[in-house]
Every structure is written in C-alpha cells, then in structure tokens.
Number of protein chains: 2
Amino acid sequence: MTVSITDVARAAGVSASTVSRALRGRPGVSDEVRAQIAAVAAQLGYTASRSASSLASGRTFTIGVVVPYVGRWFFGTVLDAAEKVFSAAGYDVLLYNLGSPETRKRFFTKLPVRKRVDAVLSLLIPDEEESAALRSLGVPLATTVGGARPGFTVVGIDDRAGTESAVRHLVNLGHRRIGMISGSSGPLHWTTPVERRQAYLDVLADAGIEHDPALEADGDYTVEGGERAMTELLAASRPPTAVFAQSDEMAMGALRALRRHRLRVPDDVSVVGFDDHELADVVGLTTVAQPVAGQGAEAARLLLRQLDEPDADAGQPGQVQMPIRLVLRETTAPPSPRGPQ
Amino acid sequence: MTVSITDVARAAGVSASTVSRALRGRPGVSDEVRAQIAAVAAQLGYTASRSASSLASGRTFTIGVVVPYVGRWFFGTVLDAAEKVFSAAGYDVLLYNLGSPETRKRFFTKLPVRKRVDAVLSLLIPDEEESAALRSLGVPLATTVGGARPGFTVVGIDDRAGTESAVRHLVNLGHRRIGMISGSSGPLHWTTPVERRQAYLDVLADAGIEHDPALEADGDYTVEGGERAMTELLAASRPPTAVFAQSDEMAMGALRALRRHRLRVPDDVSVVGFDDHELADVVGLTTVAQPVAGQGAEAARLLLRQLDEPDADAGQPGQVQMPIRLVLRETTAPPSPRGPQ
DNA sequence: AATATGAACGCAAACGCTTGCGCAACAACG
DNA sequence: CGTTGTTGCGCAAGCGTTTGCGTTCATATT
C-alpha cells in the first residue's frame, strides 16, 4: 500500500537504518550510497511516517499554537507570521482555537498536545492553572501579548507607553473629557487591559483631569462591543469629546456608533485606537501601531532557538519588547468649542 | 518520566490492552473495571501518545487544513469555523499557510501531511498537479471557494449570481460606466475571478452597455491592490461612476483611493464589494454577503461525515452551494448628474 | 451434570521508524 | 607485519499503542 522505509531499503539494497541515516543527513553513510538512497526514495515517493519517527525519536517536529480567535485580525496576523517561521524551519503547526470557555477548558484539562509537540506558542495568556498545565508538558513555551508567566518566553509591547502616547495626544489636543473603551471582560486572564487602564488613569491624573467612571465602558475587543460601549458613553450626562479604544476593532465600532448618532469624527468626537489594524488606514483611524506580525515571528524564532539549544533552558526564558508608535490620521482633532450634540 | 499505558495498567492491576479498550470505550471490559481504569488514568494524568496510537491504528485524528493566507479575514474566518467543528469532533488541525509560491510548491512536493492526517480541507484551489498530489494521499478531500475538482467535496457560493446582483444593482441605479476591480492575479488557480468577470460582462451586455477594458483593473485581493486599481481606473479618460470590487478588502482600498482623490462616496462614485467583511458595516459598504464561517463549518462537517461512513466514498463527493444576498448600505447611489470630478 | 455460550480479559504481534552497539574492511601508524 | 583508528554499514532493541486471537470463568442450555 504505502511505501515504508524497508521498501526503500530493499530497493536500494541496504538496511533500513542506513536509509534512515541517509535521508536525515546523519553521518555514517558514504556519499554514493546516500545519493543512491535519495534517488530511490524520490522515485518511490517515500515520506517517513511522522507518527513512527516521533514515536521512535521523541521529537515531533510540530509546534502547538493556541489562539483565542483565529478569525480576528490580530491573532490571524500573529499566527500567519509565526507559522511562516515554523514551517520554514521544517516544523508543522498544530492549531488550537480556544474561543469559548468550554473549548478552552477542555484543551487545558485534556491537553491534546501532550507528546505531540516540541514546543507551544500561546497567543492567549494562560492563568496560573493553565500555565502550570502547559509547563507540565516539559517543552519550551512562549506567549505574545501581555503578562509574563514563569517558564514562558514572552514577546510583547509596552502597553503603558502605548496608551500614554494615545491619551496624551488627546490631552494635548485640548480634550478634558476623555472616555475609554476597554476590553477587560471575557475569559482572558491577561494584564493588557489592566496596564492600559492604569496608563489611561495616570495620564489623566498627570494632566489634572478628574477621572469620571461614567466615561469608561467595556467593548469586549469586538466591533459590536465597541459600538455598544460608545453608545453607552454617549448616554452619559456629559459625554466625552474624545475616546481611547483599547483596540482598533472597538474603535471602529465606536466610529459606527458615532455615525449612527450623526456625530462627526473628529469634529464632534475624536477617536484613537490601538493596534494599527490593516483597515485602520482605510477609515483614517488614529491609532497606536504595534508590530503584530513582528511579534509572531519573533516569538516563533525565540521558540526555535530554545529548541536548538536545549542547554540554555536552565535560565529564565527571555522577554522582548517591541516598539510602538502613535500613528496620526484623521479621527483626532481639538475639541469643538461647543462640544458634542 | 512521562506516564504510559503500561503504567496505568500496572497501577490498575490489568493489562495494557484492557486499559486501551477501557479508555476508548471499546467493548470487552466490564463497567467496574472500566471505571476503575478511568479513575487511575485520571489520577496519573495519563494521555495516550498520539504518535503511538496513530502508528498502531493508522488513524491520526488530525485534519490538515491548507490556506493561502491565514491573516486575511476571509480565510481566517473560514478556518475559525472549520477548526471549531473539527475540534468538537475530537480532531486536531494541522495548519499549512501557503502564502508564497515557494512554500506552496514545497508543500505539494514534500507533502508533509502524508500519513499524518485523516483528511484535508483546502482553502485554496489546487491546480491539476496539486490536486493529484492530494488525491494520492488517499484521504477525503474538500475545498471551499471556487472550482470543482474531481475527488473533492466542494462547498461554495454562486459567484455569478452574486456578481450579477451587485452589478445589476449599479445598473438599476442608473450607472453606465461601471468599473470592476478584479482579483485575478497571483498564484491561485481558481475559477472565482473568472466567473465573476463573466457575470459582470453579462450584466453589462444585458443592459446594453458597451464594455470598456479601461474600466477593469487588478486589485490582487488586497486593500493596497484595491487602492492601486481604483487609482488606475480614475486615471482613465472617462473614469467610472461606479465600481464593483470582487472583494470587500479591495473595495475598501478603493474607498481609500477615492478619499485621497477628494471624491465623495456615493455622491461622486458608487462602490460595491463582495464578501460582507466584518468591517464592511463600519465603512457602510454595500456588498454581496456570503456565509463565510458557514462555508468553513459546512465543509468541515462534510469531511467528518466522509470519515464516518467510508463506504460512501465510492460516489463522487458532494457539492453544496450556500446562499448569498446583496446588502445595501451607503456606498451606492444614483450617479451624479455631472459625473465625477 | 455435562456441555455449549459468551463476556472479560491477557498475550503477543504488529505499526514504521530511530539509534546504540557490534562487526567488517580498510588506512595509517609504529 | 601487527596494532590501532576510522569509516560504513547491519542488527536488533526499543518507542507506546492497537487488535486478532486465545484463555479463563461464570452463566445458560439441554
């Protein structure tokens, strides 16, 4: 049926061990024999069974990537970049899409990656229990986005600095009533929303602006959520003249809500987002740009490096912080003298 | 080190075979023994090695999913939906991101999925050679988007009908100079751009409008491409008063180009897209909606069904067509009496 | 009471690789 | 010319499961 290593060995007149060594570039086989085996293998269309080889060697040449929502631009982009790095290095990627709490729970209790992967890249921040489960796999671990966890390589950005640049921009334009659409809900135990909120509060305090809880709303990191949140903010007794959304998707939802309310951006309300979504430019959204694909690629590279030099795994894995920058577009301007409405 | 089936067997005082049967719900083991084994296994944190079990059984419980660009909304969304179906059925997904021609070629020549997957879902349309390679795997195959291939289950939409509804909408509004931004370039050997172009031509002919080749431009299915294409169209001696873009991303690029040219939408130029991208609503884009996630889920379900009833694989696999509908928003209107500029 | 029946379980042989070890054959050395 | 290395290769023992078959034992059958 399907051609095995012994078929190749027989056809080449050598033993299976020699075929194995020859095909994987291991020493102990002469150049001529190696070439001949390669030829025979190619002609027979032989590919080693991954199951068998990983069973025998313990190496799987597979990386597990766990992500909350592949469909979202941010995660899709990170995954795209990471996958490219992995596949270029000869690794396959096993994808786990953990959107709902149930699938997430099931993943961490059953741990289907056990004995199936050489490393795991998590695009979501595992809580204590979950990260312990991952550590129990005994393979290199990495995360992008958000908080550090012991045993994890983490690549991320300076959330506070990014938020500060955004909010400060609004302050500098003269805004005093600055709302925030956060993304704190949901089952994601990560520090990002917390950091960003703190930075938001800091900038306000620094500018001598009193914080108004009515100017904060939860947008759940989605367009719809952002729309809801913006609608909520507009219902406040004194609505904001500017809003900082913790993600571009929520900012876009906010834009939609504003349009529905016949409010003009940036004349009536300024909006700044976070991420520099691929479509942020299309809608002219001012935002904090972060290297999304860059983070995925970097995390993947760091993971591969750990795989190459297992000796270095004694020390605490590295943390790298990638640059951010405020991108000014058309959704921010000084407040109108008469305010919204 | 890591706990194996024999560890469980020893701890439970039974043989490895019994453990295997017990844990997989196979008959031949009493309820009490089964329960006890389950308890012991749970307590020991045992998970069967996938490599070993797939080597022994031939089943991998893994589905290969190949996609051109995970980062793009369309593919990300399809993948998201498909993954959910697969994982709910106990299958893992192995992801292959084949953006560049080189990685694509490498994938189809080396076929890393050989002996690694029970089925493959292709989100790109393989050419003759590629589909032959996939068929050689001897597993159920499916594709979404575009042309039928022998041996593949395909779920898609009626591209012609969708395009017709879009272009006809423009015609009905009174437009005569209707441009098209297509997505025909790139290494994707699929019928979609061809079908859509034909439908576009048909509607024009049907309306008695002479086709002007200067009103067609290639947008490469990206935002930037759409922007370039729109700029190109605007440079025509007699620019269009309306454009149909073969994808929302290109339509959004077109919107950006129009804004850069200080043209108003829909006053000066109408735009209609295709897909109903999650952000189409944000920019108010009129578009042809197709069930993107729905197609992914459906394709996944059909694949699983083939896996369940291998007897049915004799007949030609099914083809399903999912519904589309035109969504009217704010980027289309009758042409201005004086035309653009 | 003797036998047939079936359920519950163990044995052992795969599954297709990898890898430590042993054994030739040959080269280089004294 | 005998010794020591080196190189190239084969042997065989795993790796952790699954599964066909055989065995045991309790229960049903005549």
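Sequence lines set the chain letters: A, B, ... in the order given, protein chains first and strands last, and positions in each chain run from 1.
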As a test of reading the structure: which of dC11(C), dG20(C), dT18(C) is closest to the side chain of R21(B), going by heavy atoms?
dC11(C)
At a heavy-atom distance below 4.0 Å, which nucleotide of DNA chain D is the first touched by chain A, and which is the last?
dG8(D) to dT17(D)
In whole Å, I'd like the distance from the CZ atom of R59(B) to the P atom of dC15(C).
18 Å
Hey, are S4(B) and R10(B) close enough side-chain-wise for a donor-acceptor pair under 3.5 Å?
no
Side-chain donor-acceptor contact under 3.5 Å, D118(B) with T60(B)
yes
Side-chain N or O of S30(B) less than 4.0 angstrom from OP1 or OP2 on dC9(C)?
yes
K115(B) atom NZ is separated from dC15(C) atom C1', nearest whole Å, by 11 Å
Would you say dA8(C) has OP1 or OP2 under 4.0 Å from some side-chain N or O of R34(B)?
no
Approximate separation, where rounding is to 0.5 Å, of S136(A) OG and L111(A) CG
5.5 Å
Quantified as the angle between the terminal helix axes (five pairs each), what is the overall bend of the helix from dA1(C)-dT30(D) to dG30(C)-dC1(D) to 10 degrees?
40°
Would you mind telling me which residue lines up with the more 5' stretch of DNA chain C, A56(B) or G13(B), judged by nearest nucleotide?
G13(B)
I5(B) CD1 to dA12(C) P, in whole Å, measures 17 Å
Relative to the 5' end of DNA chain C, which residue comes earlier, S4(A) or P27(B), by the nucleotide with the nearest heavy atom?
P27(B)
Once you round it to whole Å, what is the distance between P of dG16(C) and CG of L55(A)?
12 Å
Which of L79(A), V65(A), N97(A) passes side-chain contact (heavy atoms from CB on, under 4.5 Å) with L95(B)? It is L79(A)
Decide if atom CD of E129(B) counts as having more than 12 heavy atoms of other residues, nucleotides or ligands within a radius under 6.0 Å.
no
Which part of the nucleic acid does S17(A) contact within heavy-atom distance under 4.0 Å: base, sugar-phosphate only, or nothing?
base
Examine R59(B) relative to F61(B) and say whether NZ or CZ is less than 6.0 Å from the centre of the six-membered ring and inside a 45° cone about the ring axis.
yes
Quick one about T153(A) and Q306(A) (side-chain donor to acceptor, distance below 3.5 Å, no hydrogens or angles considered), yes or no?
yes
Please tell me if R26(A) has a side-chain N or O lying less than 4.0 Å from either OP1 or OP2 of dT19(C).
yes
In this structure, OH of Y221(A) is separated from CZ of F74(A) (nearest 0.5 Å) by 9.0 Å
Without hydrogens or angle criteria, can the side chains of T103(B) and S100(B) be said to hold a donor-acceptor pair below 3.5 Å?
yes
